[in-house]
Amino acid sequence: MKILFCSSEVFPFAKTGGLADVSGALPEALEKLGCQVKVALPKYRGLQNKAGKLGQNIEVYFIENEKYFDRSGLYGTEQGDHPDNLERFTFFCQKTLELIKQADFKPDIIHCNDWQTALIPVYLKTVFANDHFFNGTKTIFTIHNLAYQGLFPRDKFDQTGLDKELFSIRGLEFFGKINLLKGGLVFSDFLTTVSPTYAEEIQTLKFGCGLDGVLRGRKKDLIGIINGLDTKVWDPQNDDKIFQRYGEQSYADKAINKLGLQDELGLVADQKLPLIGMVGRLAEQKGMELVISTIEQLLDLKLQVVILGTGEQRYHLSLGELSKKFSGRFSVNLRFDEMLAHKIYAGSDFFLMPSFYEPCGLGQLIAFKYGTIPIVHQTGGLADTVSDYDPGSGVSNGFVYHKNTGAQMLKAIARAQELYQRPQQQWPELIRRVMGYDFSWDSSAKKYINLYKNVLSGRQN
Ligand code: ADP
């Protein structure tokens with residue numbers, strides 16, 4: 001089967017969040033299972049690891065345009081989104097289709113991801129509807145985060161090159177604006193999102209971001225497949241970014257990573273204090289507000305907190321202030337730093353994700369692999385992967401709370417702290433259990449292949 005995988009970020013070339021992890025790892029897993037895969041991504045400035053290959057033999061098409069992509073910021077800068085994002089990603093979609101035609105690469109499936117690639121299925125069903133080259137090609141569209149939709153003013157619709165009639169309620173119109181994501185949702189042959197719970201949630205008013213009606217309309221063509229982890233990148237036994245490698249049997253060496261991290265970040269070096277890590281985009285979704293508003297009570301629980309993240313200015317400001325006030329106990333690192341991220345996953349005892357919604361979440365999966373126990377709000381992919389601690393169950397793996405308030409979050413953290421302080425077998429048992437999980441891509445990639453086959457043969461999923 002021939003697959004073209006289109007994404008606006010692909011690890012190790014360009015990354016702002018989980019989409020890059022998925023786009024770097026899933027194509028490789030598909031290749032291992034026998035697919036012929038190619039990947040398309042914009043050629044941004046300073047692209048890392050420029051050699052255009054992934055896996056054994058996956059060619060990466062870097063879509064080039066100096067004017068659009070040779071600048072800082074994938075989607076924008078601190079000042080906001082790039083004002084010409086519609087032109088930029090229209091170009092990306094058009095050029096990608098042009099390129100595979102030139103290269104005579106005729107994919108069975110074009111797998112698109114998020115709004116930046118959403119025009120591809122639209123073009124295939126409209127502009128290229130009668131083009132023999134794309135005759136047998138089907139499109140899959142994966143929603144990684146429904147809140148990011150690619151909204152633009154209606155007067156820019158011409159820039160898409162689409163017939164004016166498509167700016168309508170059945171097409172790309174959304175409350176008077178252009179909504180690229182909606183185009184993807186309407187015109188793709190099949191839709192997926194990154195966890196079964198999120199697949200249900202996005203069909204509700206609360207989580208639907210205005211598109212729940214569209215998604216309910218396509219209920220039959222929508223499933224959730226949980227993301228995997230790239231275990232070449234995320235494995236404490238084989239991680240050259242951390243202070244000391246360790247595995248299930250040698251998990252006690254995790255303590256060396258904790259001390260190393262405390263030392264590097266200027267936290268009081270104390271093994272008895274549980275260390276809570278957070279790594280993620282500083283966006284409202286991620287619940288940073290809850291941490292900021294309860295930080296004093298949180299630190300009163302006799303623990304330490306480290307945050308690594310970048311994003312909205314308001315969080316940069318308040319977190320910066322608080323870290324000064326609570327230095328030695330609260331470490332705030334406002335940047336994108338792959339190396340420090342690895343050290344935090346390895347050196348923390350707990351990993352906190354108070355997300356208001358979370359399509360899949362990779363943080364908790366990485367944390368498992370590093371024997372770091374997640375504390376999460378029960379939503380989306382967090383609900384599908386983390387189960388609340390129950391000493392007798394033998395399967396529970398973290399701390400889960402239901403209503404995303406500061407008080408509920410603190411309660412869960414207090415329970416976690418209590419377990420940590422208990423000098424019993426339960427804590428090491430829990431660590432070994434989560435480290436033993438297999439969250440590699442194998443099983444999820446098989447689900448995608450199954451789906452591709454069903455879509456190509458017109459079978460029900
Ligand atoms: P999202 O896709 O919503 O950003 P995920 O939990 O799915 O969230 O994935 C986040 C990914 O990005 C993880 O690999 C995480 O380690 C990484 N990440 C996020 N912020 C940073 C940062 N400031 N520095 C390094 N890695 C980061």
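Just so you know, ligand 1 is whichever comes first in the structure, and atom 1 is the first atom listed for that ligand. In this chain, numbering begins with 1 at the start of the sequence shown.
Atom 22 (C) of ligand 1 has Phe336 CD1, 3.4 Å as its closest protein atom, hydrogens excluded (heavy atom only). Atom 4 (O) of ligand 1 has its closest protein heavy atom at Arg281 NE, 2.8 Å. Given atom 6 (O) of ligand 1, the protein heavy atom at minimum distance is Leu362 N, 3.0 Å. At the shortest separation from atom 2 (O) of ligand 1 among protein heavy atoms lies Gly18 N, 2.7 Å. Scanning the protein heavy atoms around atom 19 (C) of ligand 1, the nearest turns out to be Gly280 CA, 3.6 Å. Distance from atom 12 (O) of ligand 1 to its nearest protein heavy atom, with residue and atom name: Lys15 CE, 3.5 Å. Atom 16 (O) of ligand 1 has Tyr345 OH, 2.8 Å as its closest protein atom, hydrogens excluded (heavy atom only). For atom 23 (N) of ligand 1, the nearest protein heavy atom (residue, atom name, distance) is Arg335 O, 2.8 Å.
The aromatic ring centres of Phe439 and Trp234 sit 6.0 Å or more apart. Taking the six-membered ring for Trp and the full ring otherwise, Tyr251 and Tyr246 have centroids separated by 6.0 Å or more.
Taking a 4.0 Å cut-off on heavy atoms, His144 fails to register as neighbouring ligand 1. Look at Gln364 and you'll find every heavy atom at least 4.0 Å from all atoms of ligand 1. Between Cys360 and ligand 1 there is no heavy-atom distance shorter than 4.0 Å.
Listed by atom number, the atoms of ligand 1 under 4.0 Å from Gly361 heavy atoms are 6 (O), 7 (O). Counting the atoms of ligand 1 from 1 in the order shown, those under 4.0 Å from a heavy atom of Lys286 are 1 (P), 3 (O), 8 (O). Every atom of ligand 1 is numbered from 1 in the order shown, and the set under 4.0 Å from a heavy atom of Ala341 is 25 (C), 26 (N). Every atom of ligand 1 with a heavy atom of Gly363 under 4.0 Å away is listed here by number and element: 6 (O).
Side-chain contact between Leu181 and Phe141 is present, with heavy atoms from C-beta onward closer than 4.5 Å.
Around atom CD of Glu284, no more than 12 heavy atoms belonging to other residues, nucleotides or ligands sit under 6.0 Å away.
Proximity of a side-chain donor or acceptor of Glu9 to a complementary backbone N or O of Thr16 within less than 3.5 Å is detected.
Judged by the 6.0 Å and 45° rule, Lys343 forms a cation-pi pair with Phe243.
Applying the salt bridge (charged side-chain N to carboxylate O under 4.0 Å, His left out) definition to pairs two or more places apart or across chains, those involving residues 226-253 are Glu28-Lys232, Asp230-Lys232.
The part of Asp21 lying near ligand 1 is the side chain, judged by heavy-atom distances below 4.0 Å. Looking at Asp337 against ligand 1, only its backbone comes within 4.0 Å, counting heavy atoms.
The salt bridge (Lys or Arg N to Asp or Glu O under 4.0 Å) test applied to Glu296 returns no partner, not counting sequence neighbours.
Closest heavy-atom contact between Gln271 and Leu259: NE2-CG, 3.2 Å.
Any N or O atom pair closer than 3.5 Å counts here, and Gly17 shares no such pair with ligand 1.
Using a 4.0 Å cut-off between charged side-chain N and carboxylate O, Arg432 and Glu429 make no salt bridge. Ionic pairing of Lys446 and Asp442 is not present here: no N-O contact between side-chain nitrogen and carboxylate oxygen is shorter than 4.0 angstrom.
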